[in-house]
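The sequence lines fix the lettering, A, B, ..., with proteins before strands; numbering per chain opens at 1. No hydrogens, no waters, no symmetry mates; every other heavy atom, side chains included, goes into these values.
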Amino acid sequence: MPSSPPASVDDALRVLTAGTVHCIDADELAKKLTSGRRLRVKFGIDPTASDIHLGHTVVLHKLRQFQDLGHLAVLIIGDFTARVGDPTGRSATRPALTAAEVDVHARTYVDQVRSVLDFSPDRLELVHNADWLERMDMADVLRLTGRTTVARIMERDDFANRFRDGVAIALSELLYPLLQGTDSVEVAADVELGGTDQLFNMLMGRQLQNAADQEPQVVITMPLLEGLDGEKKMSKSLGNAVGIAEAPAEQFGKLMSIPDQLMPRYFALATGWLPDQVEATTAALADGSLAPVAAKRLLGRTVADLYHGAGAGAGAESEFDRVFKAHDVPSEIATCSVARPEFPMRLARLLAVAGLVPSNKEGRRKIEQGGVRIAGERVTDPDLEVDADTIDEQTLQVGKRAWARIQITQ
RNA sequence: GGGUCCGUACCCGAGAGGCCAAAGGGAACUGGCUGUAAUCCAGUUGCGCAAGCUACGGGGGUUCGAAUCCCUCCGGGCCCA
C-alpha cells in the first residue's frame with residue numbers, strides 16, 4: 001500500500017493535506033516538515049465502543065500516511081476521557097463507562113488498529129491518558145479551568161444547541177475539551193488529527209500548548225464518512241457501518257449497496273490510497289471509462305483486501321456473484337438440527353426454530369410474501385406442514401440472504 | 001428548597017376514558033425491476049394454528065371499560081431561589 005516516501009516537502013504536503021477539511025495551518029505544517037524532525041502526530045481515541053468501522057479509519061489512514069513519511073504516531077487511548085464522555089455530536093449526556101468496560105474496549109480497539117497503523121516501535125507510541133489525567137488534583141483542575149472562559153466553551157455548537165434546546169449538559173462535559181487539550185501538552189504534539197467534529201477540542205490543545213510555552217500543534221481534520229445510506233455519518237448504532245473486523249463477504253456486500261454517488265468519497269477516504277490513485281479512479285469513473293458497477297466492485301475488493309489480506313476481496317466477490325447473480329446458495333451455510341419427534345411441523349414454525357425468522361408469525365408472513373424457499377423451490381402455502389423425511393438435509397432460504405440446512409436428529 | 005413539564009413499539013413521535021395492537025415519519029424486512037444487498041415501485045412490521053394473550057416507565061386505585069383519570073414510586077427536563 002505505501003509507496004516510497006515523497007522526496008520533497010511539497011510532495012509530503014500534498015499527500016498529507018489530501019482529503020482534509022481543515023489544516024490549521026498549512027504554513028506551520030510546512031515549516032515543521034522542513035525542519036526535518038520526526039514529528040509527533042497525535043491521535044486520541046476514547047474506547048467507548050470496541051468495534052472500528054470504516055468511518056474511524058479515515059483518520060487512521062491519514063495517520064498511517066504520516067508514519068509512512070517517517071513520522072511518529074502518538075496514539076492516545078482515552079481511558080480517562082472515556083469515563084467523562086466526549087459530548088461531541090451528542091444530544092444528550094453520554095452514559096458513563098466503568099474503568100473495566102473501558103479497558104476491554106481499549107484492548108479490542110488496539111487489536112483492530114493494527115490493521116491500519118504501523119506498530120513498529122519507532123513509528124508508534126501508545127499511551128493512556130489516565131496516566132496523567134487521573135493524577136491531577138483540585139489545584140491542577142482550577143488552574144486548567146482558569147485558562148478558558150464559559151463563553152469560549154459555550155461557542156461550541158454541541159453545547160450551544162443543547163443549552164438552547166433545554167437539554168441537560170453535565171458540568172463535566174464542559175471540561176472535556178480541556179482534558180483533550182491537556183493530552184496535547186502532555187505528549188508535546190506537533191500535529192493532531194481528528195474528525196471535523198473534533199476541531200474545537202483540538203484547537204483547545206493549541207491554546208493550552210501556547211500557555212505551556214510549547215509550539216502549538218497543527219490541527220488537521222478529516223471529513224466524517226457517510227454511512228451506507230449516504231446520508232448520516234457512519235455509526236454502528238445507526239446500522240449503516242462497515243466494521244473492519246467483519247467478514248470479507250459482508251464487507252463486500254455492504255459496499256455494493258452504497259449509493260453510486262458515494263463511491264468517490266469512499267475511494268478517497270476509506271481505501272488508504274494515495275491521492276494519485278484516488279484521482280485516477282475518480283476521473284475514470286466520471287468519464288465513463290470505468291463502469292459504476294466495476295468501480296463498486298473494485299471498492300469492495302480493495303476494502304476486503306485491506307483488512308483480510310490480499311485475495312480476500314476476490315474471494316468475497318466470487319461468493320457475491322454466486323449468491324446474488326447466479327442465485328445459488330452460499331458455499332457455506334449453517335446447519336440446524338431438529339429432533340424427529342418435533343415433526344410434522346408447520347414450516348412457519350420451522351423457520352423460527354432454525355433462527356431464520358424471529359417468530360412463527362414472522363415466518364408465516366415471509367411465506368405469504370413469497371420469500372421462503374425449500375431447496376430452491378418457492379413455498380406459497382403459509383399453513384404448509386413438513387415432515388421429517390422430506391425436510392431432512394434440505395436447504396431453507398428466507399429472502400435473499402438467509403439460509404439454513406435442516407438436519408434431523410434421532 | 002419551591003414550582004412546573006415529560007416518560008408511548010427498534011428510533012422519533014401523534015393519541016387526552018371505549019372506534020387503540022395504538023396515526024405519521026425514519027429504519028428494517030419481503031416481492032418486482034436491475035449492474036448490486038444500489039435506485040425506483042408495491043407490500044409487510046407484538047405474540048399465539050386459534051380462542052385469545054401481553055404491551056404505552058414501575059406498582060396500586062377509580063370505572064362496565066384506562067396509553068388516556070387519581071395516588072405513589074422510579075427516571076428525566078426546565079424555571080425560580
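Ion pairing between A/Asp103 and A/Arg107 holds under the 4.0 Å rule for side-chain N and carboxylate O. Under a 4.0 Å N-O distance rule, the pair A/Glu186/A/Arg135 does not qualify as a salt bridge.
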Could you list all N or O pairs between the protein and nucleotides 24-26 of chain B that sit under 3.5 Å apart?
none

What's touching nucleotides 46-49 of chain B from the protein side, N or O pairs under 3.5 Å?
| residue | atom | partner | partner atom | Å |
| --- | --- | --- | --- | --- |
| B/C47 | OP1 | A/Ser359 | OG | 2.7 |
| B/C47 | OP2 | A/Arg365 | NH2 | 2.9 |
| B/G48 | OP1 | A/Asn360 | N | 3.1 |
| B/G48 | OP1 | A/Asn360 | ND2 | 3.4 |
| B/G48 | OP2 | A/Lys361 | N | 2.7 |
| B/G48 | N7 | A/Lys361 | NZ | 3.1 |
| B/G48 | O6 | A/Lys361 | NZ | 3.2 |
| B/C49 | OP1 | A/Arg346 | NH2 | 2.1 |
| B/C49 | OP1 | A/Asn360 | ND2 | 3.4 |
| B/C49 | OP2 | A/Asn360 | ND2 | 3.3 |

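For the pair A/Asp260 CG and B/U34 C1', the computed distance is 12 Å after rounding to whole Å. Between A/Phe252 atom CZ and B/G35 atom P the separation is 16 Å, expressed in whole Å. Nucleotide B/A38 holds its C1' atom 13 Å from the CZ atom of A/Arg297, rounded to whole Å. The CG-P distance, from A/Asn240 to B/A28, rounds to 9 Å in whole Å. Following rounding to the nearest Å, A/Asp229 (CG) and B/A27 (P) show an atom-to-atom distance of 8 Å. Atom-to-atom, CG of A/Asp328 to P of B/A37 comes out at 15 Å; the value is rounded to the nearest Å. Across the protein-nucleic acid pair, A/Met263 atom CE and B/G35 atom P stand 15 Å apart, rounded to whole Å. In this structure, A/Arg401 atom CZ and B/A38 atom C1' are separated by 14 Å, rounded to whole Å.
The backbone N or O of A/Val218 lies less than 3.5 Å from no partner atom in the side chain of A/Glu28, so there is not a single donor-acceptor pair. Using a distance-only test at 3.5 Å, with no hydrogens or angles considered, a donor-acceptor pair links the side chain of A/His56 to the main chain of A/His53. Looking only at distances, a side-chain donor or acceptor of A/Ser257 sits under 3.5 Å from a matching main-chain atom of A/Lys254. Listed for the A/Gln67 side chain is no donor-acceptor partner under 3.5 Å among the backbone atoms of A/Leu117.
The two residues A/Ile258 and A/Lys296 make their nearest non-hydrogen contact at O-NZ, 2.5 Å.
Comparing B/U62 with B/G18, their C1' atoms sit 16 Å apart, to the nearest whole Å. When the P atom is used for both B/G15 and B/U68, the distance is 15 Å, rounded to whole Å. Across the C1' atoms, B/C56 and B/A67 are found 4 Å apart, a figure rounded to whole Å. With both ends at atom C1', the span from B/C47 to B/A42 equals 27 Å, rounded to whole Å. Annotation: B/A9 and B/G25 have their C1' atoms spaced 14 Å apart (nearest Å). B/U39 and B/G31: their P atoms are spaced 15 Å apart (whole Å). Distance check on atom P: B/A51 versus B/A21 gives 14 Å, rounded to whole Å. Atom name C1', nucleotides B/A66 and B/U8: the rounded distance is 14 Å, in whole Å.
One side chain, A/Ser120 or A/Asp118, offers a donor N or O that lies under 3.5 Å from an acceptor on the other. Side-chain N/O atoms of A/Lys42 and A/Ser184 include a donor and acceptor closer than 3.5 Å. Checked by atom type, the side-chain pair A/Gln198/A/Gln180 shows a donor-acceptor distance below 3.5 Å.
Among residues two or more places apart in sequence or in another chain, the side-chain hydrogen bond (donor to acceptor under 3.5 Å, both in side chains) test is passed with A/His22 by A/Thr221.
In this structure, B/C64 forms a base pair with B/G18, meeting either the Watson-Crick or the G-U wobble geometry with both donor-acceptor distances under 3.5 Å. Partner assigned to B/U54 is none, using Watson-Crick or G-U wobble distances below 3.5 angstrom. Under the Watson-Crick or G-U wobble criterion, with both distances below 3.5 Å, B/G1 is paired with B/C80. Across all strands shown, B/C29 forms a Watson-Crick or G-U wobble pair, both distances under 3.5 Å, with B/G43.
Comparing A/Gln251 and A/Ala402 against RNA chain B, the residue whose closest nucleotide sits nearer the 5' end is A/Ala402.
Residue A/Gln261 is out of contact with every strand shown, counting any heavy-atom pair closer than 4.0 Å.
Less than 4.0 Å separates RNA chain B from at least one heavy atom of each of the following residues of residues 288-296 of chain A: A/Pro292, A/Val293, A/Lys296. Of the residues in residues 366-378 of chain A, those lying under 4.0 Å from RNA chain B by heavy-atom distance are A/Lys366, A/Gln369, A/Gly370, A/Gly371, A/Arg378.
Side-chain atoms of A/Glu393 and A/Gln407, non-hydrogen and from C-beta on, do get closer than 4.5 Å to each other. Counting only heavy atoms from C-beta outward, the side chains of A/Leu396 and A/Ile391 approach each other to under 4.5 Å.
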Identify all side-chain donor-acceptor contacts of residues 374-385 of chain A below 3.5 Å with residues at least two apart in sequence or on another chain.
| residue | atom | partner | partner atom | Å |
| --- | --- | --- | --- | --- |
| A/Arg378 | NE | A/Gly370 | O | 3.1 |
| A/Asp381 | OD1 | A/Asp383 | N | 2.8 |
| A/Asp383 | OD1 | A/Arg364 | NH1 | 2.7 |

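In this structure, A/Arg322 places its CZ atom where more than 12 heavy-atom neighbours from other residues, nucleotides or ligands lie under 6.0 Å away. Around atom CZ of A/Arg206, more than 12 heavy atoms belonging to other residues, nucleotides or ligands sit under 6.0 Å away.
Applying the 3.5 Å distance criterion, the base of B/G35 shares no donor-acceptor pair with the side chain of A/Asp321.
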